[in-house]
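Take a look at the structure set out below.
Residue numbers begin at 1 in each chain, while the letters A, B, ... track the order of the sequences.
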Amino acid sequence: MAAAEFTTPEMKEFAEVPRLQPGAMAQSKPFLASDKMNEALGFPGTLVPDWHEKAIGRLGELLKKYRSLKVYLDACVHCGACTDKCHYFLGSGDPKNMPVARQDLLRGVYRRHFTLAGKLMPKLVGAQELTRELLDDWFNYFHQCSECRRCSVFCPYGIDTAEITMAGRDILDTVGYGQKYSNEIIGKVHKVGNNLGLPGPALLDTLQGLEEDVKEDTGVDVRYPLDEKGAEVLLITPSADFFAEPHVESLIGYGKVFHAAGISWTLSSKASEAANFGMFIGSYEQMRQVALRIREAALELGAKRIVVGECGHAWRVAYSFWNTLTGIGAGGEDPFALQLQNQLDPAHKQPTHICELTWDLIRRGALKFDKAANDHRVITFHDSCNVARASRMGDAPGGQFDIPRAIIRAVANNYFEMPAGTTHEATFCCGGGGGLLTDELIEIRVKGALPRMDALNQVVERHGVNFMATICAICKAQFTKVLPYYKFNRGMVGGVHQLVSTAIRLGEA
Amino acid sequence: MATIFFAALFYAATAIFVAGLALKVADYARTPAPLKIPTTPAPTTTGGVWLRMLREVFLFHSLFKSNLWIWTFGMLFHAALLLVLVRHLRYFTEPVWFWVAWLQPFGIYAGFAMVAGLLALWARRFLVERVRYISTVSDHLMLALLVGIGASGLGMKFLAHTDVVAVKAFMLGLMRFDIQPLPAHPGLYVHLGLVALLMIVFPFSKLLHVPGVFFSPTRNQADNPREKRHLAPWAAELEKN
């Protein structure tokens, strides 16, 4: 089925809050997962007959497991602070894309079944029964949220719609109503080791091709090793880096950084994927299983450091969750954590973001650059949502903003910020995150990109920006697809390490 | 008759308020937060988290970043409510604490500010399309309840006085289980009845935002996942398999 035709929203100098257009995106929904995809993850293949009972039961379980869910379903006062903060609302005008309204899809059912007021006076407190129509609304609108957390920055109680969306998707999976894109990909990770289903031999072939390309370009033998035991660094990077444009340019950059710094490193065919879509579907168990591959690969290869490539949600999972899920980190005192932590080098942060590693080398003068090599570029930086609002780099809060920018300034001469309120913690999602990067959702993806396109347009017009750097595989893929809808060149988007790659001096050939 | 009714009402309302809230807080405290999810940039230390929480609770920092109208009216209401509550301490203390006595005149202005803030917030529910869309009947009723409390209180101060000395005797009597007569005054009945209603609905309504904010993981967690292993009991069970 081709996506229905739609109109790309107009860019404006001063972004406006749209008037409500109820039902504007009611038809937007992702493909359903097939029974095989669902069953591979232990979910029912298709919608179970007793879905109502099961859904309410699962909500009850989640309420016992997640304080966030319980508090956030109770605490909202409908103040309206979040109503103009979601990029999908700003781009579509559909009121159910206002964070509070999205939450209320679940909150109404919570009130009806788990609160006294909702049981006694459902109409009064906005409680609603979980009907088939509402279940469909869950499926449609919980897949119009990229779990970007922008609303949580602005909520007086810190209510994070991502937590609600994740719970909603978890319940949908539990009743056999899962989303194809995410579930299919998680299945591939379990089976093959990465999101793209790229088997080991193909990977090796690709990496050898890269070595030849770089040799041809630079005359230097930069290595892109796979499964090398005893390498100091195990690099975990999104599989898009292996062949997608512009992603691969950053992978080339990582290799050059390791080469120039003389750090031995390797990729792993078992853990050839940084992405962890278990987070998108809100499943702790899936997220844990996917993360355990990294642990196993690290133990097998004997790596001393685990470094993560340019990927937004992957960095959230790695930075915020890996220590919890797999013991990659420090401070664990249980045998499970100690096994790995005894192997990893405590002198380094575990895991380390590739930008932390590169910036550390730059600061110590270990890398040399020819900044003029980037002079054909006028650069801006798009903060990826999961890096900005769900992780950190370096020692101080906000390092996730400063370090990538510091790298860009160290390797290039022309840099301009997009307008305040669209970057740093208030950054707008690219529109394709959270499991939405699939063709059938192109309309909501294009509309959700509007706030970023508005901001980009301003620096394009004022400063002639022609390159938007970012450190996320999903951002790169999304912008490559969506930029042309707004009459921008798709080649405008690229990685921070693409810029590093252009300017780095590799020493004598 | 009214005395007995209000005495019983206040004992019941207090019991429901305290027990209901205690149960909710215990429930929040017992429910694990399995993952580190502070909204970043976040403080990396416990001291930093305290500062962040103080900024949220007393200055509504996130709301300030979000929407200056809601912040202004919300701040006006909450700060005024705090002053009004402090002013009312004189009904429950003998002798009245010096700082409560000192704050009395400000509490009177605060009564007006509180009602003004509430009316402004209420107006938003009609005037702003987005807020109108999300407002439920209970959102309006809650505002009506609070405005009713404020207005009936102001009415007794400025329109039809009641015997505040007797009211104080009644309240102190309640606290000492020695019931004293409540003045017969319709305004007072309305005021006390609405306050009791507010206490009763508190643990079952969106007023749970008061304890809720303290338990919000995006605000009360330190950003230190790489330095400390954070493991919920149910998640630790998974490692035994």
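Between A:S152 and B:T218, the side chains place no donor N or O within less than 3.5 Å of an acceptor N or O (distance only, hydrogens not considered).
If you take NZ on B:K24 and CG on A:D74, they are separated by 4.0 Å, rounding to the nearest 0.5 Å. Rounding to the nearest 0.5 Å gives a distance of 7.0 Å between CZ of A:R111 and OG1 of B:T136. For the atom pair CD of A:E333 and NZ of B:K228, the computed distance is 9.5 Å after rounding to the nearest 0.5 Å. With rounding to the nearest 0.5 angstrom, the CD atom of A:Q341 is 7.5 Å from the CZ atom of B:R229. The structure places OG1 of B:T40 at 9.0 Å from CG of A:N386, a figure rounded to the nearest 0.5 Å. If you take CG on B:L238 and CD on A:E285, they are separated by 6.0 Å, rounding to the nearest 0.5 Å.
The part of A:M287 that comes within reach of chain B is its side chain, from C-beta onward, which places non-hydrogen atoms under 4.5 angstrom from that chain. Contact of A:L124 with chain B is made through backbone and side chain together, with heavy-atom distances under 4.5 Å. Contact annotation for A:K65: both backbone and side-chain heavy atoms come within less than 4.5 Å of a heavy atom of chain B. Within the 4.5 angstrom heavy-atom criterion, no atom of B:F60 approaches chain A. For a residue to count as touching a neighbouring chain, one of its non-hydrogen atoms must lie under 4.5 Å from one of that chain's; by this rule A:Y66 touches chain B with backbone and side chain alike. Proximity to chain B is limited to the backbone of A:A388, based on heavy atoms less than 4.5 angstrom apart. Residue A:Q400 touches chain B through its side chain alone, counting heavy-atom pairs closer than 4.5 Å. For a residue to count as touching a neighbouring chain, one of its non-hydrogen atoms must lie under 4.5 Å from one of that chain's; by this rule A:D334 touches chain B with the side chain only. Only the side chain of B:I70 has a heavy atom closer than 4.5 Å to any heavy atom of chain A. Contacts of A:R288 with chain B are made by side-chain atoms alone, with heavy-atom separations under 4.5 Å and no backbone atom involved. Looking at A:P351, the atoms closer than 4.5 Å to chain B (heavy atoms on both sides) sit in the backbone and in the side chain alike. Residue A:I328: no heavy atom, backbone or side chain, is found under 4.5 Å from chain B. Only the backbone of B:A29 comes within contact range of chain A, with at least one heavy atom under 4.5 Å from a heavy atom of that chain.
Open room surrounds OH on B:Y109; 12 or fewer heavy atoms of other groups in view lie less than 6.0 Å from it. For B:W234, the CH2 atom sits in a packed shell: over 12 heavy atoms of surrounding residues, nucleotides or ligands are nearer than 6.0 Å. Summarising the local packing, CZ of B:F126 is surrounded by more than 12 heavy atoms from other residues, nucleotides or ligands at distances under 6.0 Å.
Chosen from A:S391, A:A426, A:A396, A:A337, the residue pairing most often with chain B at heavy-atom distances under 4.5 Å is A:S391. Options A:G399, A:C82, A:A101, A:G158 differ in how many heavy-atom pairs under 4.5 Å they form with chain B, and the most are formed by A:G158. Comparing A:A318, A:G126, A:S68 by heavy-atom pairs within less than 4.5 Å of chain B, the highest count is held by A:S68. With chain A as the partner, the residue from B:P233, B:P38, B:S135 showing the most heavy-atom pairs under 4.5 Å is B:P38. Taking chain B as the reference chain and counting heavy-atom pairs below 4.5 Å, the highest number among A:H78, A:H424, A:R316 is found for A:H78. Across A:A117, A:G421, A:G80, the residue that shares the most heavy-atom pairs under 4.5 angstrom with chain B is A:G80. Contact count against chain A (heavy-atom pairs under 4.5 Å) is highest for B:E129 among B:H230, B:E129, B:H140, B:E227. Taking A:P397, A:A330, A:G329, A:A75 one by one and counting their heavy-atom pairs under 4.5 Å with chain B, the maximum is reached by A:A330. Put simply, of B:L207, B:L231, B:L35, B:L141, the one with the most heavy-atom pairs under 4.5 Å next to chain A is B:L35. Ranked by non-hydrogen atom pairs under 4.5 Å with chain A, the options B:T39, B:D27, B:V213, B:N67 are led by B:T39. With chain A as the partner, the residue from B:P217, B:S205, B:A33 showing the most heavy-atom pairs under 4.5 Å is B:P217. Comparing B:G212, B:P34, B:A42 by how many heavy-atom pairs each has under 4.5 Å with chain A, the most go to B:P34.
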Could you walk me through whether B:V137 and A:K123 pass side-chain contact (heavy atoms from CB on, under 4.5 Å), step by step?
-> CA-CA 8 Å; B:V137 180; A:K123 287 242 167 63; over 6 Å; no

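With hydrogens and angles disregarded, a donor-acceptor distance shorter than 3.5 Å links the side chain of A:R67 to the backbone of B:Y28.
When all heavy atoms are compared, the tightest approach of B:S62 to A:P156 is CB-CA, 4.2 Å. Closest non-hydrogen pair, A:K70 versus B:T31, comes out as NZ-OG1, 3.2 Å. Residue B:R130 comes nearest to A:V17 through the heavy atom pair NH1-CG1, 3.4 Å, listed as atom of the first residue, atom of the second, then distance. Nearest heavy-atom pair, A:C79 versus B:L63, reported as atom, atom and distance to 0.1 Å: SG-CD1, 4.4 Å. Residue A:V77 comes nearest to B:D139 through the heavy atom pair O-OD1, 4.1 Å, listed as atom of the first residue, atom of the second, then distance. Between A:V100 and B:I134, the shortest heavy-atom contact is CG1-CG2, 3.6 Å.
The shortest distance between side-chain heavy atoms of B:K36 and A:N323 does not fall below 4.5 Å. Side-chain contact between A:F321 and B:P225 is absent, with no heavy-atom pair separated by less than 4.5 Å. Between A:M98 and B:V131, the closest side-chain pair of non-hydrogen atoms is not below 4.5 Å.
The side chain to side chain donor-acceptor pair (under 3.5 Å) search around B:Y133 returns none, not counting sequence neighbours.
B:H209 and A:Y157 have tilted rings, their planes meeting at an angle from 30° to 60° on a 0 to 90° scale.
B:E239 and A:R295 are not joined by a salt bridge, as no carboxylate oxygen comes within less than 4.0 angstrom of a charged side-chain nitrogen.
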